[in-house]
Structures are given as C-alpha cells and as structure tokens.
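Everything on this sheet refers to the single structure shown next.
Owing to the predicted nature of the structure, the values given are computational and were not obtained by experimental measurement. Index from 1, following the sequence.
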Amino acid sequence: MPEKITAENILDNLVETISDKVQKQKAVSFFEEETSSSVTARFNRLFGRQKPVHHLLGGGKSADVLLWRNKKISASVLMGATAIWVLFEWLNYHFLTIVCFALVLGMLAQFFWVNISGLFNRSPSKVPRFVLPPEVFANIGTTVCANVNEALGLLQDIACGGKLKQLLVAVASLWAAAVIGSWCNFLTVLYIGFVAAHTLPVLYEKHEDKVDSFLNNVFQQLQNQYKKLDSGFLSKIPKGKFKGKKSE
C-alpha cells in the first residue's frame, strides 16, 4: 500500500507541475502579444506622432470644440456654419443683403425696446451698445498674414530645394485643389473643410488604432510603388542644383 500511495502522489505532482508550466507559458505569451501589439501601435501612429490628438490641435478651447468635449457648443457651431452655407448657397442670398437685413432688424428691435420701455417706466431703459474691440481685427490680420507667409515660404522651399519627390507631391496637391475648386465655389470648399475639421478628428480619436494600421499599410504600398517608379524612371532624370536665397 505505501508504494501505491507514493506512485499516485508522484503522478499528481507531475500533473500539477505540467499544468502550472502550461499556464505560465500562456500568461507569458499573452503578455508578450499585448506588449508587441502596444509597441507596434506606438510606432505605427499616423505621421509618427507621439502626442495625443487634443495636444496636436492646440490643447485649448478650439481643440475641445473640434473633439466635441462639449457637445452643445460643437453642435451649435456646426449648425451655425450650416445655416450660413444654406443661406448663401441654396437660397442664393448675398453678403450685403444679409448684412443690411441684420442691421434693419437690430435697429427695429432697439427702437421698439426704447419706446415700449418708456411707456411702462418713467425713464426709458438704456439699450446695450454693441462695440467690436479693435484687437479682434488686429489679431485676425496678424494670424492671416503669418499663415500666408508660412505657406508661401513652404512652397518656395519646395520649389528651390531640388527634391523631386516633394515637388511632385506639392504639384499633385495643388492640382487636386484646383479640380475640387472647379466642381464647387469657394464657400462650399470652406464649408466642406469646416465640416471635415469638426468630424474627422473626433472619429480618428475614437478609432485611431484601426485608422493608423490601415493608413500605415496604404503608405507602405505607396512607398513601394514610388520606389519602383524611382528606380525605373525618376532616377534617370538629371538633377539640377538649386540655390534659393534665404530671406532674413
């Protein structure tokens, strides 16, 4: 009997050790899969970014609006832009007509406010004055001027840099913008860009892993096609040396 008991105990110990090893191997393999997937997701971010989307959009109130942190404000901004686009594009109103109608309605509202309040009160109530601060127009002009100069400088750097790949990408982008501009007017293009700015970032933030993996595969295929084109045709084109003058 004691020999039988020792044999059963040995078998039980062997089974327990084997099961423990299998469970440890599964846990290690699962942990390695998680770490490998997290590492690949980290290195395959869109355009190699390492910061969150909210930080890339500025990290302020504008980023909160674009990422729908406050749904009421974001929805009201998008509805306001849609109303403006409908007025000018579908109803064929002109900017001067809208401004004149708004001024007429404001003057009539102030007129009735002053006269009706004078009937019920001895002294008519003071109508609040609408005044635009001059800093608003100064900031808008400074921002627009800085962005235009930055865009012009970027195009000049690409044209004078001597890199054919960047030149082809810039020409293709401008050609695509020209084609889109021939399909619709400037206001519609601005509205499409405004809607895209208020929808694409929040969708990307929710599904960034899937979007990053898909775009990474697309970029790899494009790079392979470009390498084939470069080795077969572009590498045979003689490259000139352009020296652009640096503006101080």
Side-chain angles (χ1 to χ4, degrees), residues 41-59 62-63 66-67 78 81-82 84-85 88-89 95 139-205 207-248:
R42 184 181 299 173
F43 285 103
N44 291 331
R45 291 299 181 191
L46 185 62
F47 302 117
R49 66 176 183 86
Q50 298 178 355
K51 297 179 181 179
V53 181
H54 187 271
H55 189 273
L56 294 177
L57 294 176
S62 60
L66 294 177
L67 294 175
L78 190 59
T82 305
I84 293 173
W85 180 74
F88 288 108
E89 187 65 23
F95 180 74
N139 293 330
I140 292 174
T142 304
T143 304
V144 172
C145 181
N147 291 328
V148 170
N149 287 330
E150 185 178 358
L152 291 176
L154 178 62
L155 294 177
Q156 290 176 358
D157 292 337
I158 293 174
C160 300
K163 295 181 180 180
L164 185 59
K165 181 179 178 180
Q166 294 182 356
L167 182 63
L168 291 176
V169 171
V171 171
S173 301
L174 292 175
W175 179 77
V179 172
I180 294 173
S182 65
W183 292 344
C184 51
N185 55 13
F186 185 66
L187 180 62
T188 304
V189 173
L190 287 180
Y191 176 70
I192 292 172
F194 190 84
V195 173
H198 282 76
T199 53
L200 294 181
V202 64
L203 292 175
Y204 173 72
E205 189 181 31
H207 308 284
E208 58 181 350
D209 293 333
K210 296 180 181 178
V211 174
D212 287 337
S213 62
F214 174 75
L215 291 179
N216 187 25
N217 294 328
V218 173
F219 288 153
Q220 288 180 355
Q221 292 179 2
L222 291 176
Q223 287 179 357
N224 293 330
Q225 296 297 327
Y226 177 77
K227 288 179 181 178
K228 293 179 181 179
L229 181 63
D230 189 14
S231 61
F233 177 71
L234 297 180
S235 60
K236 298 178 181 179
I237 299 176
K239 297 180 180 179
K241 295 182 179 180
F242 299 97
K243 294 182 180 181
K245 295 182 180 180
K246 295 182 179 181
S247 59
E248 294 181 357

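- Closest non-hydrogen pair, Ala196 versus Pro201, comes out as O-CD, 3.5 Å.
- In this structure, Asn216 CG and Gln221 CD are separated by 10.5 Å, a value rounded to the nearest 0.5 Å.
- Rounded to the nearest 0.5 angstrom, Thr199 OG1 and Leu78 CG are separated by 8.0 Å.
- If you take CZ on Phe88 and OG1 on Thr188, they are separated by 12.0 Å, rounding to the nearest 0.5 Å.
- Pairs engaging residues 181-205 under the salt bridge (Lys or Arg N to Asp or Glu O under 4.0 Å) rule: Arg69-Glu205 [sequence neighbours left out].
- Proximity of a side-chain donor or acceptor of Asn147 to a complementary backbone N or O of Thr143 within less than 3.5 Å is detected.
- In this structure, a donor-acceptor pair under 3.5 Å is absent between the side chains of Thr142 and Asn139.
- Listed by chain and residue number, Tyr191 satisfy the side chain to side chain donor-acceptor pair (under 3.5 Å) test with Thr82 (two or more places apart in sequence, or in another chain).
- Closest approach of Cys184 and Val189 over heavy atoms only: SG-CG2, 3.7 Å.
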Side-chain donor-acceptor contacts of residues 153-163 below 3.5 Å, not counting sequence neighbours, with atom names and distances?
none

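- Of all heavy-atom pairs spanning Val202 and Leu67, the tightest one is CG2-O, 3.8 Å.
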